[in-house]
S.K.: 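Submitted below is the structure of interest, expressed as structure tokens.
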Amino acid sequence: MLNAEVRVQFRPYFSIQHPALPYLPTIGLEVHAQLLTSSKIFCGCSTSYGAAPNTQVCPVCLGFPGTLPVLNRRAVEHAIRAALALECTVHPVSVFARKHYFYPDLPKGYQISQHAQPLASGGHVTVDGPDGQRRIRLARLHMEEDAGKSLHGESAEKAATTAIDFNRSGVPLIEIVTEPDIDSAALAAACFSRIREVLVALGVNDGNMEQGSLRCDANVSVRPLPGAPLGVKTETKNINSFRYVQRAIQFEIERQIDLLTTGGLVEAETRLWDSSSGRTVSMRGKEEAHDYRYLPEPDLAPVQVTEAFVDELRKTKTALPERTRERLVEQYGLPAYDAGVLTQSSALTAYFEQTVAASGSPKPTSNWIMVEVLGRLNAEGLEIGDLRITPDALAGLIRLVESGRITGPTAKLVFERMFVEGGSAEAIVEAGGLARVDDEGAIEVMVRATLAANPTPVAQYRAGKKQTFGFLVGQVMKASGGKADPEKVATIVRRLIEP
Ligand code: ADP
Ligand code: MG
Ligand code: ZN
């Protein structure tokens with residue numbers, strides 16, 4: 001099993017255009033999302049990412065015999081919140097089951113999941129697809145534990161070795177299964193993205209696909225006519241980016257059409273996306289399909305969810321991104337574009353709202369966050385949570401600019417200092433003597449010195465080449481270290497330069 005032979009299909013692949021597409025694609029997604037809890041689903045081990053291998057484990061999540069799982073209440077709350085946001089029906093009773101299969105990273109020999117009686121079913125996601133809004137129905141949403149992680153041949157001397165890290169074993173997941181309502185790779189990617197957006201906005205998932213907190217299996221089939229029964233499907237496992245979801249599905253659609261139009265048959269099989277070759281490759285066929293021998297988990301009582309409990313969670317349900325967007329537009333008079341950017345994550349929205357509360361200037365605050373804060377964070381590959389500038393400190397900087405105490409160029413310098421070192425704008429301005437220079441006498445001294453030092457542009461200006469004006473103002477600003485009031489500089493330059 002470990003080194004499951006990968007049967008690459010050697011059929012040459014051409015990106016065939018199918019102008020009068022004779023086959024219709026059908027896609028269903030299975031999304032796995034890690035629930036944001038500090039401890040695992042059935043034990044107290046930490047779920048934090050990036051710890052040394054096998055340091056966040058205990059007898060329960062290592063599957064020792066005689067240990068007992070205890071259900072994490074927080075995980076259930078998150079799962080119910082997700083179910084409510086996706087408009088699923090939450091069932092009063094759901095049952096954990098053992099799903100048996102052998103794999104080295106599954107120490108118990110079974111995964112605790114939900115099967116016949118999932119936590120929730122039904123529901124839907126509304127997606128802005130390539131051709132308008134579409135509603136994709138959900139089949140079910142259930143809770144389960146994650147498996148460990150196999151590290152195949154991590155180094156040269158370990159090329160033939162597989163090491164296993166059990167830190168992820170027992171991390172709480174929800175699995176969200178869509179109905180086969182998706183008919184293009186682009187719509188599938190949009191659907192996955194929408195699910196991520198909802199889960200992240202709710203604060204039940206961190207949306208981090210690189211760390212495996214969110215991943216997607218894509219079931220794909222094609223059939224000749226709209227009314228025809230669904231074709232045989234393949235399932236491509238564990239795709240961890242929107243782009244790859246789209247590319248893997250598109251590859252699968254074209255591969256299947258190619259097979260069918262050249263006299264072949266699609267095999268029901270599990271496939272893997274190989275991002276380096278841009279292809280899906282066969283992992284195991286139907287003949288190797290698992291019989292999971294599900295049985296109700298005898299060590300866990302059925303999960304009973306009262307209506308009162310659900311109502312309680314409904315009340316604390318965080319607003320969905322589009323509602324937050326509308327609210328930002330209404331409450332702060334922001335353009336829709338700004339509201340869209342500021343609702344990329346609930347952390348970012350919170351940062352904006354805390355900053356506005358202290359700055360009192362919504363649009364300037366939005367501009368500072370969209371341009372400077374996000375620009376610098378992106379450049380450093382950081383997240384809003386890594387930012388050293390507190391909302392109060394950013395608000396302080398914005399107040400200094402809005403009140404005219406410092407100039408725009410000075411504000412950028414102060415921002416950079418705050419980005420690197422933290423601290424308050426007032427303190428940095430105070431310590432650096434960076435307050436705006438308003439004194440006309442002082443500015444005039446600087447202007448005279450600059451004009452004297454730049455006789456050529458001055459002569460050019462006087463000869464009618466008016467463009468040198470901007471240059472001269474720029475030179476005075478530079479001489480003042482960006483601190484002079486730019487309007488006064490311009491007025492005084494004009495007064496002294498006009499013949
Ligand atoms: P399986 O029993 O193979 O796990 P399920 O019925 O549980 O299949 O469905 C798994 C996923 O596959 C769901 O998202 C479902 O919408 C999707 N699916 C089912 N049949 C097809 C099909 N013929 N083509 C594409 N997707 C399908
Ligand atoms: Mg299934
Ligand atoms: Zn544990």
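Sequential numbering from 1 along the given sequence is applied to the chain's residues. Both ligands and their constituent atoms are indexed starting at 1 by order of listing.
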S.K.: With heavy atoms only and a cut-off of under 4.0 Å, state how L29 meets ligand 1: side chain, backbone, both or neither.
M.R.: backbone
S.K.: Run down the list N219, T26, I176 and name the one with the heavy atom closest to atom 11 (C) of ligand 1.
M.R.: N219
S.K.: For H124, which residues count as a ring-ring contact (aromatic ring centres under 6.0 Å, His included) partner, sequence neighbours excluded?
M.R.: none
S.K.: Decide whether an N or O pair under 3.5 Å exists between L230 and ligand 1.
M.R.: no
S.K.: Taking only heavy atoms of E179 into account, list the atoms of ligand 1 that are under 4.0 Å away from them.
M.R.: 16 (O)
S.K.: Suppose you place the vertex at the Zn ion (ligand 3); what is the angle out to C58 SG and C61 SG, to 10°?
M.R.: 110°
S.K.: For the backbone of S94 and the side chain of Q114, can you confirm whether one donor and one acceptor N or O come within less than 3.5 Å of each other?
M.R.: no
S.K.: Could you name each residue pair satisfying salt bridge (Lys or Arg N to Asp or Glu O under 4.0 Å) that touches residues 338-355, not counting sequence neighbours?
M.R.: R327-E353, D338-K363
S.K.: Any idea which of E30, E235, K233 brings a heavy atom closest to atom 1 (P) of ligand 1?
M.R.: K233
S.K.: Provide the number and element of each atom of ligand 1 under 4.0 Å from a heavy atom of V177.
M.R.: 13 (C), 14 (O)
S.K.: Could you please compute the angle at the Zn ion (ligand 3) from SG of C43 to SG of C45, rounded to 10°?
M.R.: 110°
S.K.: Is the backbone N or O of Q34 less than 3.5 Å from a side-chain atom of N205, with the two atoms forming a donor-acceptor pair by type?
M.R.: yes
S.K.: So is P180 polar-close to ligand 1, meaning N/O to N/O under 3.5 Å?
M.R.: yes
S.K.: Mark up the atoms of ligand 1 that fall under 4.0 Å of a heavy atom belonging to G231, in ascending order.
M.R.: 23 (N)
S.K.: Should the pair R376 and F419 be classed as cation-pi, given the thresholds of under 6.0 Å to the six-membered ring centre and 45° from the axis?
M.R.: yes
S.K.: Between R271 and D217, does at least one N-O distance fall below 4.0 Å, as a salt bridge requires?
M.R.: no
S.K.: May I ask you to check whether F192 and F242 place their ring centres under 6.0 Å from each other?
M.R.: yes
